[in-house]
Amino acid sequence: MDSIADMGGTQGWGPARIPTDEPPFAEPWEGRSFALTVLTMGRISGRNLDAFRHALGRLHPVDYLVDGYYGRWLNAAELMLTDSTVLAPGAVDARARRNRGEDVEEPAFPEPTRPDYQATAPGSLREVDHGPAFGVGEVVHTKDLHPQGPTKLPRYLRRRTGTVHAVRPPHVLPDTHAVFAGENPQHVYTVAFPSTELWGPDAEPFTLHAEVFESYLETR
């Protein structure tokens, strides 16, 4: 599933501007949004960060771009609560309208159906019973993936050719982990891509290194 969150490497957004004196929270509500989201992840998904990122990727594109960083967090937390039927659809909007004095009936609290999830170990590093499929210096190709669910292979890295620069330890695969379909740990590779392979012959010459999961790669 391609989402609005898959913006890395895309053109037309101008240079990335990095503030040098930005406070952690520019407004008090941003701190409350942060706390509410962390609480939501802990109580609903067992701190499954991939599920939270999948919720961010399913936000309406306009909301994603307009509501700002912590606005996205708040919207994603609401989506996770609705997914788990802790909240009924429209419950937050109805409460906000009632707080403004409107005569709106709030939906009844549903029966929660939270995911039955427990991580097998802390963090995302795992062990597997087989060695890496690719070695340093090997030429690899990224697959043309368009799954129904989430994927962490960015669009601009699909159907590209690169060289394995380093082999990393196995990690939990976000694609299945995000939808509570198993951790599916696999090796990760640092792959070097020439800029001209990604953006054409007129691109500024440099090498881009990307961390790529094993199931995203193939040899021809």
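Heavy-atom basis, side chains included; hydrogens, waters and symmetry copies ignored.
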If you define the side chain from C-beta out and look only at heavy atoms, does anything of [X] sit under 4.5 Å from [Y]?
X: M80; Y: S45; answer: yes
X: T120; Y: R126; answer: yes
X: T219; Y: F134; answer: yes
X: T176; Y: E183; answer: no
X: Q186; Y: H171; answer: no
X: V167; Y: V188; answer: no
X: T151; Y: Y216; answer: yes

query = What do you reckon, is CD of E102 surrounded by more than 12 foreign heavy atoms closer than 6.0 Å?
reply = yes
query = Got more than 12 heavy atoms from elsewhere within 6.0 Å of CG, N99?
reply = yes
key: Euclidean distance, R43 CZ relative to L81 CG, rounded to 0.5 Å   = 11.5 Å
Assess whether a salt bridge exists between [X] and [Y], defined as any Lys/Arg side-chain N lying under 4.0 Å from an Asp/Glu carboxylate O.
X: D83; Y: R58; result: yes
X: D2; Y: R158; result: yes
X: D144; Y: R159; result: yes

task = Measure across P170 and V128 and return the closest heavy-atom pair with its distance rounded to 0.1 Å.
result = CG-CG2, 3.6 Å
message = Determine whether Y117 and H177 satisfy the following criterion, ring-ring contact (aromatic ring centres under 6.0 Å, His included), listing intermediate values before the conclusion.
response = CA-CA 10 Å; Y117 169 74; H177 192 224; 5.4 Å; yes
task = Would you please test Y189 and E211 for side-chain contact (heavy atoms from CB on, under 4.5 Å) and show each step?
result = CA-CA 6 Å; Y189 303 84; E211 310 296 331; over 6 Å; no
task = Please check if the distance between the ring centroids of Y156 and W199 is under 6.0 Å.
result = yes
ask   = Hey, do the aromatic rings of H165 and F193 have their centres closer than 6.0 Å?
value = no
message = Hydrogens and angles aside, do T190 and R168 bring a side-chain donor and acceptor to less than 3.5 Å of each other?
response = yes
